[in-house]
Amino acid sequence: MKAKDFDTSYKPSWCPGCGNFGMQIAMKNALVELGLKPENVLIVYGIGCSGNGANFTKTYVWHSLHGRSLPTAVGAKLANKDLKVIVMAGDGDGYGEGMGHFIHALRGNADITYVTHNNKLYSLTTGQAAPTSDKGTKTKSTPDGLIEVSANPMALALSAGCSFVSRGFAGDADHLKELFKSAIKHEGFSLVDVFQPCVTFNKINTFKFYFDRLYKLEEKAGYKSTDIYQAMKEALVWGNKIPYGLFYKKQRDTYGSNLPQLQGKALVKRPMKVKDIKALAKEFA
Ligand SMILES: Cc1ncc(C[n+]2csc(CCOP(=O)(O)OP(=O)(O)O)c2C)c(N)n1
Ligand code: SF4
């Protein structure tokens, strides 16, 4: 497979320079290097500029509802455990409308990879404040500055038991590709929160903003991604310096491995006992 084998006939409609391009390239290259084919992979998208990737990506795709990409993906994985299931959603989608699903899916350690396009805004709807926007940020929806402090996806994920917690940057596509590969290979819930500059609406968190501040945890002397206390300390760092890379990883039972009814063949590959689905549906009408 080559990266272009994961392209559809549609040309991406993202603004020139958008961080979504770097993420798209990194994901396609990760799939190629993992030896995956389009038919091995389901990508569930949320709604937003990020969600429009559903039109530009040739795997199985599901363009779900805003905030509902995670339960959709968990359901798909339970039905067909042979698929690699990846979610790609906006930060507004995942940490706003979808926040409850986020915490509970990672507590359960469903075997899926969750990639967030974190541009610190609601971008498709033209730049309103998102849960990840910083306190004081002025947007169309917060003209006098945001009152709330921002949600911290790394700290939230660590405290709720996520077994793979990482942060990438759309401006470092090679590093992001490696993170995606590790996350997809990880058995359990893997989070890759990606700084994805929105060049049209976010004039603060630009590519330069991140180039000036980011340091790689993989290069930090003495950093161990098996130590949750070190990980939490780094998760709370935000300012002139900002960490990215693999914060924390720990192997534990996946949600599916604890369900006896899922052992053996994938559910979708077993013979169907119900022949007439309409009769069954009537019971719930
Ligand atoms: C339940 C629901 N609420 C609101 C909307 C309207 N809406 C569509 S896209 C969007 C913003 C998306 O922002 P984000 O999830 O951060 O993705 P981005 O566009 O930044 O990639 C909103 C609020 C919707 N489609 N569904
Ligand atoms: S509005 Fe922002 S996030 Fe959306 S495509 Fe344009 S640059 Fe990208």
Side-chain angles (χ1 to χ4, degrees), residues 7-8 10-28 43-57 61-73 86-105 112-135 137-143 146 148-154 156-157 167-173 176 180 191-211:
D7 288 340
T8 64
Y10 295 100
K11 222 175 141 212
S13 54
W14 296 310
C15 309
C18 173
N20 285 333
F21 286 102
M23 292 181 67
Q24 177 85 347
I25 290 162
M27 180 54 77
K28 287 191 296 184
I43 306 186
V44 180
Y45 288 87
I47 300 294
C49 296
S50 39
N52 290 344
N55 302 309
F56 322 136
T57 313
V61 295
W62 185 278
H63 204 164
S64 72
L65 299 176
H66 204 230
R68 303 291 174 251
S69 47
L70 271 179
T72 310
I86 299 166
V87 178
M88 297 192 90
D91 54 309
D93 189 309
Y95 307 130
E97 285 86 338
M99 180 60 107
H101 297 302
F102 174 60
I103 297 294
H104 298 301
I112 60 176
T113 295
Y114 189 35
V115 176
T116 53
H117 298 234
N118 186 351
N119 51 31
K120 292 168 80 66
L121 285 180
Y122 283 88
S123 285
L124 187 73
T125 41
T126 70
Q128 294 80 9
T132 46
S133 305
D134 294 313
K135 183 174 168 60
T137 306
K138 289 191 177 177
T139 68
K140 285 178 186 167
S141 58
T142 55
L146 184 68
E148 296 98 325
V149 296
S150 63
N152 181 333
M154 297 292 100
L156 282 165
R167 178 188 276 156
F169 172 42
D172 189 351
L176 188 57
F180 283 160
L191 169 68
V192 191
D193 182 72
V194 184
F195 290 141
Q196 175 255 311
C198 167
V199 294
T200 300
F201 296 111
N202 193 331
K203 302 298 180 191
I204 297 169
N205 309 110
T206 59
F207 280 100
K208 183 171 184 325
F209 173 94
Y210 291 115
F211 280 128

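Both backbone and side-chain heavy atoms feed into the values below; hydrogens, waters and symmetry mates do not. Ligands are counted one by one from 1 in listed order, and the atoms in each one are counted from 1 as well. Everything numeric in this text was worked out from a predicted model, so none of it was measured.
- Taking the six-membered ring where tryptophan is involved, the planes of Phe169 and Phe207 are tilted, since the angle between them lies from 30° to 60°.
- Residue nearest to atom 21 (O) of ligand 1, selected from Pro131, Gly90, Ser50: Ser50 (by heavy-atom distance).
- Taking 4.5 Å as the limit, some side-chain heavy atom of Tyr114 sits within range of a side-chain heavy atom of Leu70.
- Judged purely by distance below 3.5 Å, without hydrogens or angles, the side chains of Thr139 and Thr137 never pair a donor atom with an acceptor atom.
- Neither side chain, Ser150 nor Lys135, offers a donor N or O lying under 3.5 Å from an acceptor on the other.
- Residue Asp91 approaches ligand 1 through these ligand atoms, each under 4.0 Å from one of its heavy atoms: 16 (O).
- Atoms of ligand 1 lying under 4.0 Å from at least one heavy atom of Ser123, given by number and element, are 13 (O), 18 (P), 19 (O), 20 (O).
- Taking a cut-off of 2.8 Å, the protein N, O or S atoms nearer than that to atom 6 (Fe) of ligand 2 are Cys15 SG.
- Counting only heavy atoms of the protein, atom 24 (C) of ligand 1 lies nearest to His66 CB, 3.8 Å.
- For atom 8 (C) of ligand 1, the closest non-hydrogen atom on the protein side is Ile47 CG2, 3.7 Å.
- Arg68 has no carboxylate O lying under 4.0 Å from a charged side-chain N of Asp93, or vice versa, which leaves the two without a salt bridge.
- Counting atoms of ligand 2 from 1 in the listed order, those under 4.0 Å from a heavy atom of Gln196 are 3 (S).
- Looking only at heavy atoms of the protein, atom 16 (O) of ligand 1 is closest to Gly92 N, 2.9 Å.
- Closest protein heavy atom to atom 15 (O) of ligand 1: Asp93 N, 2.8 Å.
- The single protein non-hydrogen atom nearest to atom 18 (P) of ligand 1 is Cys49 N, 3.6 Å, given as residue, atom name and distance.
- When hydrogens are left out, the protein atom nearest atom 7 (N) of ligand 1 is Thr125 CG2, 3.7 Å; that is the closest non-hydrogen contact.
- The distance between the ring centers of Tyr45 and Trp62 does not fall below 6.0 angstrom.
- Between the side chains of Asn202 and Asn119, not a single donor N or O lies within less than 3.5 Å of an accepting N or O.
- In this structure, Phe195 has its ring center closer than 6.0 angstrom to the ring center of Tyr210.
- The side chain of Glu97, and not its backbone, has at least one atom closer than 4.0 Å to an atom of ligand 1 (non-hydrogen atoms only; side chain from C-beta on).
- Under a cut-off of 6.0 angstrom, the local environment of CZ in Phe211 is crowded, with over 12 non-hydrogen atoms contributed by other residues, nucleotides or ligands.
- Neither the backbone nor the side chain of Asn20 has any atom closer than 4.0 Å to an atom of ligand 1 (non-hydrogen atoms only).
- When Cys49, Cys198, Pro131 are each tested for a side-chain contact (heavy atoms from CB on, under 4.5 Å) with Tyr122, only one passes: Pro131.
- The protein heavy atom nearest to atom 11 (C) of ligand 1 is Tyr122 CD2, 3.2 Å.
- Judged purely by distance below 3.5 Å, without hydrogens or angles, the side chains of Thr116 and Asp91 never pair a donor atom with an acceptor atom.
- Thr8 places none of its side-chain heavy atoms less than 4.5 Å from the side chain of Asn55.
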